[in-house]
Participant: 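Please see the structure below; I have some questions.
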Protein chains: 2
Amino acid sequence: MRAADVAAAAGVSTTAVSFVLNGRDAGSISAATRARVLKAAEELGYRPNHIARSLRQRSTSSIGLVTDAVASSPFGGRLLAAATETAEASDQVLLMMDIGHRTGRVGEAIAALEHRQVDAIIYATMGFTELAEAPESRIPLVLANCVAPTPGPSSVSPDDAGGATAALEHLADLGHQHVVMLGGHYDPGNPNSGNISGPIRWDAFRRAAERRSVEARHVGTGWQIDDGHAAALTALDAPPGERPTALFAVCDRIAAGALLAAAKLGLDVPGDVSIIGFDDQEALAGHTVPALTTVALPHAAMGEAAVRMALDAVSGGSETPEHLVLPCPLVVRGSTAPPPMGAG
Amino acid sequence: MRAADVAAAAGVSTTAVSFVLNGRDAGSISAATRARVLKAAEELGYRPNHIARSLRQRSTSSIGLVTDAVASSPFGGRLLAAATETAEASDQVLLMMDIGHRTGRVGEAIAALEHRQVDAIIYATMGFTELAEAPESRIPLVLANCVAPTPGPSSVSPDDAGGATAALEHLADLGHQHVVMLGGHYDPGNPNSGNISGPIRWDAFRRAAERRSVEARHVGTGWQIDDGHAAALTALDAPPGERPTALFAVCDRIAAGALLAAAKLGLDVPGDVSIIGFDDQEALAGHTVPALTTVALPHAAMGEAAVRMALDAVSGGSETPEHLVLPCPLVVRGSTAPPPMGAG
DNA sequence: CTGTTAGCGCATTCAT
DNA sequence: ATGAATGCGCTAACAG
């Protein structure tokens, strides 16, 4: 089933077939010929060989996606799904390559993808990361969920600081005067190491607290449920009057651990303590009891934006790299409320 | 940078270059020529254009992966990561296409991938699914985490029944005489609808219970944390003597909800109640407090096997479809223990 | 042992 | 308005 077959069936040349099927027939193909070609193509169920077309056009309509274990992160899927969907909408396809945690292999992966003639490359990391240096690429590159030293390639990243600020504002508006942030500090044994969300969130949270004159401390490290459980136990270990009335978890898993700790302590959430998370993790934040008030990480938006930027770059868009910082909206659910009477 | 450039630099023909670089030089290329080609290629940093090679060889060394929202499922990532890694080890690449929950589009996605000339296709679903009919494909197709009516294409699926049986055996061995399974029934509003794990697990669990003469009931529906929380509250609402001593959650999220419910009830896990999950969900099962004893879903093994089977089929392996059923091993952690004294 | 040559399927320039 | 001819970069018969 080749263009030549269609041409033969329609009694025209392959040129005519190519022109008609690619919409290049303005003023050069008669309506009659056009109709015959369309009919023949339809009947034969013809679809151009994408490989041959790619070779000829020097463009594969595919973009390479190299991931730093995004494929195995709890919310990396959101980015992936949005990226594939956006790509598909433009008749593009994503070529995946996961380097696990071996970040040294980014170059290799990019090179392999380049030789497959992808039109552009997206490098997406699991956690928000500050790259020591931008990966090398001969073709358009966009960074998703990470940034490189300026001037670096285009990037899309989440406004972690804005999200943390919003979290504190929410708590302050509710009347909390004494809050503690849980978890997230640098942890050498953790694959999240390059992750800079912890310090960014704490910093923004602390500053916002100062502005609103609320007392803020930081307790515990880590990113997992058990880390959150331990941190909350420590933070909540105080007589009612001195106990924090709200907990800001560095991520939803930490918040889930805090929820468990509160339950064990016989504390009601949000009656006795408010808990607010970060990430809006799928199948977690919206389903805890009570459902978690949290700050949403814009993974879907990042996936979509990354593909869009890559496509723009391919079609010769602006030369100057673009640095998109996407908002992290507050999602209010049931785990936050005003502090109990007389607390503080 | 083409083969011709390398040939020119080495002072040989492109044939020599092609033969040397593809290892077809046995007894047809002199050592001297071979060395010159290698040196020139090295110096020029030559890498063959994969597209041109694909066109010529009618094989793209890439396999299409269409997913039913696996990309956004909590553990779909494990399958993805293993699949990409296995593919990479054979110099293959994965072309991703996610159809979200619009299962009607499988055909479309497969067709699109076929026109991209992928060598084989893998269709992977989020939950273990029984397909009403096998997707159509002109090229080798393997089903991952789902099966079609026989005779269908090759497939890899988890031994859910075996896992559920192992869970009961574990509980019975510990001495539990009264257990209840939590969650998982068919739920029309749930995207997991085609998922047959619920009934399969309950069925196997119930039968195993009969064999061991332990009393088993089923309580609650759903697959999320809050569903588990509600189900556990119901199951545990009985005086100590009549209360079940162990809970088997249809999945780890349900188990997490049960853990939370137990904490609220002031019940110790595993001291007062044992809880066992299913899935061994990343960042969840191993990090609850206590860590969850659970049955592991072999997602990584399925991803690897699917790619391997697809590759075998491409290289003209056995014609007859193969149906791999992978074991779901019990992972004993801290949430199960013998029942409390005098319980029943 | 080595080089010449002919496609793979398509898009496109250049005659007609 | 249409078609013949050319080439994208590579591999592999085939001839030398």
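Residue numbers begin at 1 in each chain, while the letters A, B, ... track the order of the sequences.
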Participant: To the nearest 0.5 angstrom, please state how far the CZ atom of B/Arg36 sits from the OG atom of B/Ser30.
Facilitator: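 Result: 7.5 Å between the selected atoms.
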Participant: Can you find a side chain N or O atom of B/Arg56 that sits less than 4.0 Å from OP1 or OP2 on D/dG9?
Facilitator: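 Result: no.
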Participant: When the distance from CZ of B/Arg2 to C1' of D/dT11 is rounded to whole Å, what number comes out?
Facilitator: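 Whole-Å distance recorded here is 15 Å.
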Participant: Ignoring the backbone of B/Gln57, work out which of C/dT13, D/dT11, C/dT2 is nearest its side chain.
Facilitator: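 Nearest nucleotide to the side chain: D/dT11.
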Participant: Given atom CE of A/Met1 and atom C1' of C/dC8, what is their separation to the nearest angstrom?
Facilitator: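 Going from CE in A/Met1 over to C1' in C/dC8 covers 16 Å.
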Participant: Let me know the distance between CG of A/Leu21 and P of C/dT12, rounded to the nearest Å.
Facilitator: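 Between P of C/dT12 and CG of A/Leu21: 13 Å.
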Participant: As a test of reading the structure: which of D/dT11, C/dC10, D/dC10 is closest to the side chain of A/Pro48, going by heavy atoms?
Facilitator: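 Nucleotide nearest to A/Pro48's side chain: C/dC10.
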Participant: When the distance from CZ of A/Arg116 to C1' of D/dC10 is rounded to whole Å, what number comes out?
Facilitator: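 It is 15 Å, rounded to the nearest whole Å.
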Participant: Roughly, in whole Å, what's the span from CZ in B/Arg36 to C1' in C/dT2?
Facilitator: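 For the pair B/Arg36 CZ and C/dT2 C1', the rounded distance is 11 Å.
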Participant: Taking N and O atoms by type only, does the side chain of A/Thr15 place a donor or acceptor under 3.5 Å from a partner on the base of D/dA4?
Facilitator: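 Present.
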Participant: Taking CZ from B/Arg34 and C1' from C/dG3, how many angstroms apart are they, rounded to a whole number?
Facilitator: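 Distance, rounded to whole Å: 19 Å.
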Participant: Remember a base hit wins even if backbone is also touched, and classify B/Ile29 as base, sugar-phosphate or nothing at under 4.0 Å, heavy atoms.
Facilitator: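 Contact class for B/Ile29: sugar-phosphate only.
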Participant: Under 3.5 Å, is there a donor-acceptor pair between the B/Ser61 and B/Asp91 side chains?
Facilitator: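 Short answer, no.
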Participant: Taking only the side-chain heavy atoms of A/Thr14 (C-beta and beyond), determine which of D/dA5, D/dC8, D/dT11 contains the nearest atom.
Facilitator: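 It is D/dA5.
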Participant: Locate the shortest heavy-atom distance separating B/Pro298 from B/Pro327; write the atom from each residue and the value.
Facilitator: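 It is CG-O, 3.6 Å.
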Participant: For the side chain of B/Asp98 and the backbone of A/Ala81, is there at least one donor-acceptor N/O pair under 3.5 Å apart?
Facilitator: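 No, B/Asp98 side chain to A/Ala81 backbone: no donor-acceptor pair under 3.5 Å.
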Participant: Let me spell it out: for each of A/Ala3 and B/Gly11, pick the nucleotide of DNA chain C with the closest heavy atom. Which residue's pick is nearer the 5' end?
Facilitator: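 The 5'-side residue here is B/Gly11.
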Participant: For the side chain of A/Arg58, starting at C-beta, report the closest nucleotide among D/dG9, C/dA11, C/dG9.
Facilitator: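 In terms of side-chain proximity for A/Arg58, the closest of D/dG9, C/dA11, C/dG9 is D/dG9.
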Participant: Checking side chain to side chain contact (heavy atoms under 4.5 Å, CB included) between B/Gln92 and each of B/Val307, B/Thr60, B/Ile63, which is the one that passes?
Facilitator: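 Answer to the side chain to side chain contact (heavy atoms under 4.5 Å, CB included) test with B/Gln92 among B/Val307, B/Thr60, B/Ile63: B/Ile63.
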Participant: According to a strict under-4.0 Å criterion, is B/Arg53 in side-chain N/O contact with OP1 or OP2 of D/dG9?
Facilitator: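 Checking B/Arg53 against D/dG9: no side-chain N or O falls below 4.0 Å of OP1 or OP2.
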Participant: Starting at CZ of B/Phe19 and ending at P of C/dT2, how long is that distance when rounded to a whole Å?
Facilitator: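 Roughly 12 Å, once rounded to whole Å.
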Participant: Would the number of heavy atoms belonging to other residues, nucleotides or ligands and lying under 6.0 Å from CD of A/Glu85 be above 12?
Facilitator: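 For A/Glu85, atom CD is not crowded (no more than 12 foreign heavy atoms under 6.0 Å).
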Participant: Which part of the nucleic acid does A/Ser54 contact within heavy-atom distance under 4.0 Å: base, sugar-phosphate only, or nothing?
Facilitator: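 Nothing, no heavy atom under 4.0 Å.
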Participant: Between B/Tyr46 and D/dG9, is there a side-chain N or O to OP1/OP2 distance below 4.0 Å?
Facilitator: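 No, no such contact exists.
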Participant: D/dT11, C/dC8, D/dT2: which one has an atom nearest the side-chain heavy atoms of B/Leu55?
Facilitator: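 The listed nucleotide nearest to B/Leu55's side chain is C/dC8.
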Participant: Rounded to whole Å, please give me the gap between CG in A/Asn49 and P in C/dA11.
Facilitator: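 Atom-to-atom, A/Asn49 to C/dA11, this comes out as 10 Å.
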Participant: At under 4.0 Å between heavy atoms, what does B/Ser30 touch on the DNA or RNA strands: base, sugar-phosphate, or nothing?
Facilitator: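 It contacts sugar-phosphate atoms only.
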